[in-house]
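Let me begin by presenting the structure, written as structure tokens, before commenting on it.
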Amino acid sequence: MVKICCIGAGYVGGPTMAVIALKCPKIEVAVVDISVPRINAWNSDQLPIYEPGLDDVVKQCRGKNLFFSTDVEKHVSEADIVFVSVNTPTKTRGLGAGKAADLTYWESAARMIADVSKSDKIVVEKSTVPVKTAEAIEKILTHNSKGINYQILSNPEFLAEGTAIQDLFNPDRVLIGGRETPEGLKAVQKLKDVYAHWVPEDRILTTNLWSAELSKLAANAFLAQRISSVNAMSALCEATGADVSQVSYAVGKDSRIGPKFLNASVGFGGSCFQKDILNLVYICECNGLPEVAEYWKQVIKINDYQKNRFVNRIVSSMFNTVANKKIAILGFAFKKDTGDTRETPAIDVCQGLLGDKAQLSIYDPQVTDDQIQRDLSMNKFDWDHPLHLQPMSPTTVKKVQTVWNAYDATKDAHAVCILTEWDEFKQLDYQKIYDNMQKPAFVFDGRNVVNVNKLREIGFIVYSIGKPLDAWLKDMPAVA
Ligand SMILES: NC(=O)C1=CN([C@@H]2O[C@H](COP(=O)(O)OP(=O)(O)OC[C@H]3O[C@@H](n4cnc5c(N)ncnc54)[C@H](O)[C@@H]3O)[C@@H](O)[C@H]2O)C=CC1
Ligand SMILES: O=C(O)[C@H]1O[C@H](OP(=O)(O)OP(=O)(O)OC[C@H]2O[C@@H](n3ccc(=O)[nH]c3=O)[C@H](O)[C@@H]2O)[C@H](O)[C@@H](O)[C@@H]1O
């Protein structure tokens, strides 16, 4: 029986391994982590991450051929294939701080593999890593090898949160990069055989190691670039009276461009787009390509511009001050159908409003008060470390209250800000919300979820990203 072990039981390691276990009943899969609470949660009825369909998959295999454990060394030493899916945060100190990937966790996983292995192993990079990482990992493993053979493969993950199970069941492609040697090709085939249990062969792409590593960074950069492109257009739409939804529909109808990933928003969030682009920028700079680095940096700059622009719209519309005004924040997760808040634009928007002394009442159907408090008091990039290594802030943010429904959040508020596109925000009784708010009552829709005309009929002053401006907002500066 082939044995797989995955180091890192996070958003990637957990769901990917659960799906491998489900689709390959003859393979034994162990997911290991240094975080005890995380493993305990994977072994309980309350999984550590919210992902539609995940509970069902885990329930079908857990205890049969899927195991979650903190006994990292035992499972690694017994495995034929070891996936590494640990954090690869942005460095906050030293060389490359603010850009380069911090490979501390990856390196310690590689050293541990070298320490405990007693048989040959295929080591698979599942984490997103800088191009050429496999070379460094190979060096660590071979210099400590005790005669054991290692083959390093790059098998980046393309799942998106909220649709992870769907994406894993039916991926656009699976990418496997390996050394172009007989041993390398054999290892690639072995991993291909795992995926071939359910992925059609023409969707399993094989490349050299560096192409696979770079393709992951490139894919995220292209995706984020589309969002920054449409967000840049949204600013121009507001200035000209064009409607960004109409523009992106018309643009996306060109089959060379395609309709997906063209929704204007308050900005993209999530654990990877910013981190991976910064990493790409750093790699370009290190390879003497400053113009290429500058090009990709612009994707992040527009994203920051979009978040600032949104805050400035709110403050300038509300007589240039939000001090002590209650503002309802609907949605805190970085997108719908997930409880994940990593790099959510809501953090920047809330911090911007708190900077102007607003009083925030936040509602998100999947995010806890504790998480919101941590997010609003944590330093940039500190979130991307194993839970027990994250710096804890003892203080809570005083001007922030978390509530459990949209009506409580909006009661007596001066403004409503929609920051996540949860479906339930489309169905709210906006008349009831209006009746219970201070007047003039404002809605700032950062996700284009509300029916602008209907809300204006009720009496709201409405700002919706990239849509023709309310008369109220026309002469107000969007960016200070
Ligand atoms: N979140 C996502 O949707 C995607 C993430 N990725 C990449 O996958 C990697 C992992 O991301 P996530 O799963 O989101 O992170 P995560 O933070 O949810 O999970 C990482 C896990 O690794 C564990 N860990 C760290 N060092 C360890 C060690 N030495 N031994 C054992 N466990 C260790 C941590 O405790 C944590 O539970 C990152 O490189 C990320 O860029 C790639 C595609 C999608
Ligand atoms: O490497 C990763 O971590 C993953 O990053 C993204 O997945 P994810 O961040 O989970 O979610 P997305 O659906 O890509 O959304 C990212 C952000 O962009 C925003 N977005 C997305 C699409 C769009 O049209 N407009 C827009 O603002 C979302 O609201 C969200 O804040 C990629 O889509 C995955 O392919 C990749 O594997």
Side-chain angles (χ1 to χ4, degrees), residues 5-16 31-39 41-42 48-49 51 69-70 72-73 75-76 83-90 101-113 125-130 133 155-164 167 171-172 216-217 219-224 226-231 234 248 252 259-276 279 303 306 331 333-338 340-346 383-390 419-421 446-448 465:
C5 173
C6 176
I7 306 176
Y11 284 85
V12 170
T16 23
V31 193
V32 297
D33 204 292
I34 44 174
S35 163
V36 177
R38 224 176 201 182
I39 290 297
W42 280 110
I49 61 178
E51 191 62 64
S69 168
T70 47
V72 181
E73 300 188 355
H75 289 285
V76 168
F83 285 83
V84 184
S85 183
V86 298
N87 320 62
T88 48
T90 304
D102 177 351
L103 293 178
T104 310
Y105 303 112
W106 231 112
E107 183 174 337
S108 85
R111 287 183 185 280
M112 186 272 299
I113 296 171
E125 291 176 346
K126 199 49 152 169
S127 305
T128 303
V129 290
T133 297
N155 172 221
E157 184 48 59
F158 296 101
L159 68 79
E161 288 175 33
T163 54
D167 295 342
D172 287 343
K216 174 61 196 178
L217 296 179
N220 273 0
F222 276 47
L223 288 168
R226 274 175 84 91
I227 304 169
S228 279
S229 297
V230 78
N231 281 346
S234 75
S248 56
K260 294 184 184 163
F261 247 71
L262 285 178
N263 294 321
S265 65
V266 58
F268 60 73
S271 60
C272 293
F273 280 173
Q274 173 169 271
K275 154 175 95 67
D276 293 348
N279 184 356
N303 201 46
Q306 189 75 345
F334 82 98
K335 63 188 272 197
K336 73 171 182 176
D337 291 339
T338 176
D340 193 354
T341 59
R342 296 178 292 176
E343 286 296 332
T344 174
W383 50 268
D384 199 3
H385 293 269
L387 216 56
H388 61 290
L389 300 178
Q390 285 173 14
L419 301 184
T420 313
E421 71 283 19
R447 296 288 186 169
N448 285 339
I465 293 267

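Numbers for residues simply follow the sequence, beginning at 1. The figures here come from the full heavy-atom set of this structure, side chains too, leaving out hydrogens, waters and symmetry mates. Whatever order the structure lists ligands and atoms in, that order sets their numbers, starting from 1.
Inter-residue side-chain proximity for Leu223 and Phe273 is flagged as met; some heavy-atom pair is nearer than 4.5 Å. Inter-residue side-chain proximity for Lys126 and Val84 is flagged as unmet; no heavy-atom pair is nearer than 4.5 Å. A heavy-atom distance below 4.5 Å is found between the side chains of Leu262 and Arg226. Between Phe261 and Ile227, the closest side-chain pair of non-hydrogen atoms falls below 4.5 Å. Residues Glu125 and Phe83 have side chains not in contact (no heavy-atom distance under 4.5 Å, counting atoms from C-beta outward). Two residues are said to be in side-chain contact when any heavy atoms from C-beta on lie closer than 4.5 Å; Ile7 and Met112 meet this criterion.
Of the possible donor and acceptor atoms, none in the side chain of Glu157 sits under 3.5 Å from a partner among the backbone N and O of Thr16. At least one donor-acceptor pair under 3.5 Å links the side chain of Thr420 to the backbone N or O of Ala333. In this structure, the side chain of Arg447 engages the main chain of Leu419 through a donor-acceptor pair within 3.5 Å. Judged by distance alone, with hydrogens and angles left aside, the side-chain atoms of Asn87 form no donor-acceptor pair with the main-chain N or O of Pro89 at under 3.5 Å.
Considering backbone and side-chain N/O of Thr128, none are found under 3.5 Å from N/O of ligand 2. Looking at Lys275 next to ligand 1, an N or O pair under 3.5 Å apart turns up. Considering backbone and side-chain N/O of Phe158, one or more are found under 3.5 Å from N/O of ligand 2.
For atom 9 (O) of ligand 2, the closest heavy atom belonging to the protein is Phe334 CE1, 3.5 Å. With hydrogens left out, the protein atom closest to atom 20 (N) of ligand 2 is Ile227 CD1, 3.4 Å, a heavy atom. Nearest to atom 6 (C) of ligand 2 among the protein's heavy atoms is Phe273 CE2, 3.5 Å. Scanning the protein heavy atoms around atom 37 (O) of ligand 2, the nearest turns out to be Leu159 O, 2.7 Å. Looking only at protein heavy atoms, the nearest one to atom 17 (C) of ligand 2 is Gly269 O, 3.5 Å. In terms of protein heavy-atom proximity, atom 15 (O) of ligand 2 is nearest to Lys335 CD, 4.0 Å. Regarding atom 29 (O) of ligand 2, its nearest protein heavy-atom neighbour is Arg447 NH1, 2.6 Å. Counting protein heavy atoms only, atom 27 (O) of ligand 2 is closest to Ser265 OG, 2.6 Å.
Side chains of Thr104 and Asp102: a donor-acceptor N/O pair is present below 3.5 angstrom, by distance only. Counted by atom type alone, Thr163 and Glu51 present zero donor-acceptor pairs between their side chains at under 3.5 Å. No hydrogens or angles considered: nothing links the side chains of Lys335 and Thr344 as a donor-acceptor pair under 3.5 Å.
Within the 4.0 Å heavy-atom criterion, the part of Asn220 lying near ligand 2 is the side chain and not the backbone. Contacts with ligand 1 closer than 4.0 Å are made by side-chain heavy atoms of Cys272 only, the backbone lying farther away. Of the heavy atoms in Arg342, only side-chain atoms (C-beta onward) come closer than 4.0 Å to ligand 1. Proximity of Leu223 to ligand 2, defined as any heavy-atom pair under 4.0 Å, is confined to the side chain (atoms from C-beta onward).
Proximity to Tyr105 (heavy-atom distance under 4.0 Å) selects the following atoms of ligand 1: 26 (N), 29 (N). Heavy-atom proximity to Gly10, at under 4.0 Å, picks out these atoms of ligand 1: 13 (O), 16 (P), 18 (O), 19 (O). Close approach of ligand 2 to Cys272 (heavy-atom distance below 4.0 Å) involves ligand atoms 1 (O), 2 (C), 3 (O). Those atoms of ligand 1 with a heavy atom of Leu159 less than 4.0 angstrom away are 3 (O), 44 (C). Of all atoms in ligand 2, listed by their number and element, those nearer than 4.0 Å to a heavy atom of Glu157 are 37 (O). In summary, the atoms of ligand 1 found under 4.0 Å from a heavy atom of Ser271, numbered by their order in the structure, are 1 (N).
Heavy atoms of Lys216 approach ligand 2 to within less than 4.0 angstrom. Heavy atoms of Arg226 stay at 4.0 angstrom or farther from ligand 2. The shortest heavy-atom distance from Lys216 to ligand 1 is under 4.0 Å.
Residue nearest to atom 25 (C) of ligand 1, selected from Val72, Asn87, Ile7: Asn87 (by heavy-atom distance). Taking all heavy atoms of Pro15, Ser35, Ser108, Ala101 into account, the minimum distance to atom 29 (N) of ligand 1 is reached by Ser108. Between atom 28 (C) of ligand 1 and the options Thr88, Val32, Val12, Ile34, the minimum heavy-atom separation is to Ile34. Among Glu125, Glu107, Glu161, the residue whose heavy atom lies closest to atom 2 (C) of ligand 1 is Glu161.
Nearest heavy-atom pair, Trp42 versus Ala9, reported as atom, atom and distance to 0.1 Å: NE1-O, 2.8 Å.
Interatomic distance, Ser127 OG to Trp106 CH2, rounded to the nearest 0.5 Å: 6.5 Å. The CG atom of Leu217 lies 10.0 Å from the SG atom of Cys272; values are rounded to the nearest 0.5 Å.
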